[in-house]
Amino acid sequence: MPSTFTESTDPYCLRPGEAGDLLHDHPWRRFVALGDSVVEGMCEPTPGYPDVQWVDRVAAELGVVRPELAYRNLGRRGLRAHQVRATQLAPAVAFAPDLALVVCGGNDAFHPAYDAEAVDAELTAMITALRGVGADVITVGMFDVSHSPAVPEHLRVGLGERMRRLSAHTATLAERLSTVHVHLTDHPLTADPTLYSTDGRHGSARSDAIATAETLRALSPHRPARPTPTPTPTPTLR
């Protein structure tokens, strides 16, 4: 079922001028993204929504404020969490980011043998290493793709349980490791079929537009605090 909205009329997307207000004077100049196909960008076109994937959208909005922004997307489809860490963490750290996005574990959760603790360990290693080089880190609890009409009925319950477990574990890690967390799993539209692609594994251009709005809104209050200037002592008159 196609969306009855376009991006300009969708109440869950950015309002005109909202991105600039949210990111006004943001401090980030080097943005790197690590992950699987969600990060690489596999969104399915949706009439009325630009065919630009989520992470590229976020980078573009950051770049409007900081034209000098350096951006690197390392995401590759099909990777499990341990493969993301093995192939992408070193180049991400070498990029010297001050902002990083890490999204993986979905390919792990698609399998009944999903090991939540093993994925947690991989995410922890990546987040810790990126924080260690001074980057703010974005983590994400993704939309629950078990609601996709393309997912066979007999697989829905198990997949949904695993996707929600991944989301809950990631949220716990985010709190413990002080990341900027974007929680999409319980978004009001998570069960809306227009958010999902026909392959049953990815999102639509509408879901990427909505994810962009939620990411920028999450980033805005998490901008690193500027140091408070030390007041100059007033000389005492004698």
Side-chain angles (χ1 to χ4, degrees), residues 22-23 25-42 53-63 65-66 68-109 115-142 166-185 208 211-212 214-227:
L22 290 170
L23 297 175
D25 198 31
H26 78 73
W28 299 295
R29 289 173 169 81
R30 299 186 66 80
F31 175 41
V32 70
L34 299 76
D36 51 30
S37 57
V38 174
V39 173
E40 179 184 358
M42 298 286 289
Q53 69 98 2
W54 166 49
V55 186
D56 288 351
R57 283 172 169 262
V58 172
E61 296 293 357
L62 291 167
V65 178
R66 299 286 183 192
E68 74 276 19
L69 180 83
Y71 163 52
R72 187 172 183 190
N73 187 325
L74 299 169
R76 292 293 178 270
R77 68 196 71 182
L79 299 186
R80 295 198 183 189
H82 73 279
Q83 294 170 315
V84 172
R85 179 182 60 80
T87 60
Q88 297 177 22
L89 180 57
V93 168
F95 184 71
D98 53 14
L99 181 65
L101 181 144
V102 180
V103 179
C104 60
N107 288 317
D108 299 81
D115 185 340
E117 286 69 30
V119 172
D120 287 355
E122 300 295 346
L123 284 169
T124 298
M126 287 185 274
I127 294 166
T128 301
L130 291 162
R131 296 273 292 164
V133 296
D136 294 304
V137 178
I138 307 167
T139 51
V140 184
M142 293 304 300
L166 170 63
S167 178
H169 276 238
T170 305
T172 298
L173 285 179
E175 184 174 0
R176 178 166 62 85
L177 300 174
S178 299
T179 72
V180 176
H181 190 62
V182 183
H183 184 65
L184 300 173
T185 314
D208 277 20
T212 299
E214 295 301 321
T215 303
L216 299 193
R217 290 165 186 160
L219 275 174
S220 186
H222 288 277
R223 287 180 296 174
R226 299 283 199 275

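Bear in mind the structure is a predicted one, so any value in this text is a computation, not a measurement.
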Nearest heavy atoms of [X] and [Y], plus distance in Å:
X: A135; Y: L99; result: CB-N, 4.1 Å
X: V39; Y: A33; result: CG1-CB, 3.6 Å
X: G35; Y: L79; result: O-CD1, 4.4 Å
X: A125; Y: L89; result: O-CD2, 4.2 Å
X: V180; Y: A218; result: CG1-O, 3.6 Å
X: V119; Y: G105; result: CG1-CA, 4.0 Å

Give the intermediate values and the outcome of side chain to side chain contact (heavy atoms under 4.5 Å, CB included) for residues R30 and F95. CA-CA 8 Å; R30 299 186 66 80; F95 184 71; 3.4 Å; yes

For [X], check side-chain contact (heavy atoms from CB on, under 4.5 Å) against everything at least two apart and list the hits.
X: A60; value: none
X: A174; value: T139, T179, H181
X: A116; value: Y114, R165, H169
X: A211; value: W54, F143, L184

Please report the interatomic distance [atom1]([X]) to [atom2]([Y]), rounded to the nearest 0.5 Å.
X: I138; Y: L34; atom1: CD1; atom2: CG; answer: 11.5 Å
X: L219; Y: L62; atom1: CG; atom2: CG; answer: 6.5 Å
X: R131; Y: S178; atom1: CZ; atom2: OG; answer: 5.5 Å
X: L166; Y: T170; atom1: CG; atom2: OG1; answer: 4.0 Å

Any donor-acceptor pair under 3.5 Å from [X] side chain to [Y] backbone:
X: D36; Y: V84; result: no
X: D208; Y: Q53; result: no
X: S220; Y: L216; result: no
X: R66; Y: H26; result: yes

Are L173 and T124 side-chain neighbours, meaning at least one heavy-atom pair lies under 4.5 Å?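 Yes, close enough: below the 4.5 Å cut-off.
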
So do the side chains of D115 and D108 get within less than 4.5 Å of each other, counting heavy atoms only? no

Set out, in order, the CA-CA distance, both residues' side-chain angles and the distance that settles side chain to side chain contact (heavy atoms under 4.5 Å, CB included) for M126 and C104, then state yes or no. CA-CA 11 Å; M126 287 185 274; C104 60; 3.6 Å; yes

Set of side chain to side chain donor-acceptor pair (under 3.5 Å) partners for [X], sequence neighbours left out:
X: R85; result: E122
X: T212; result: none
X: E61; result: none

Taking only residues two or more places apart in sequence, or in another chain, which ones meet Y71 in a ring-ring contact (aromatic ring centres under 6.0 Å, His included)? F31

Can you pull out every salt bridge (Lys or Arg N to Asp or Glu O under 4.0 Å) where at least one residue sits in residues 89-101? Sequence neighbours excluded, please. none

Under the salt bridge (Lys or Arg N to Asp or Glu O under 4.0 Å) definition, can you give me all pairs with a residue in residues 70-82, not counting sequence neighbours?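 Every pair satisfying salt bridge (Lys or Arg N to Asp or Glu O under 4.0 Å) with a residue in residues 70-82: E40-R77.
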
Taking salt bridge (charged side-chain N to carboxylate O under 4.0 Å, His left out) as the definition, give me every residue that meets it alongside E214, ordered by chain and number, with sequence neighbours left out.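 R217.
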
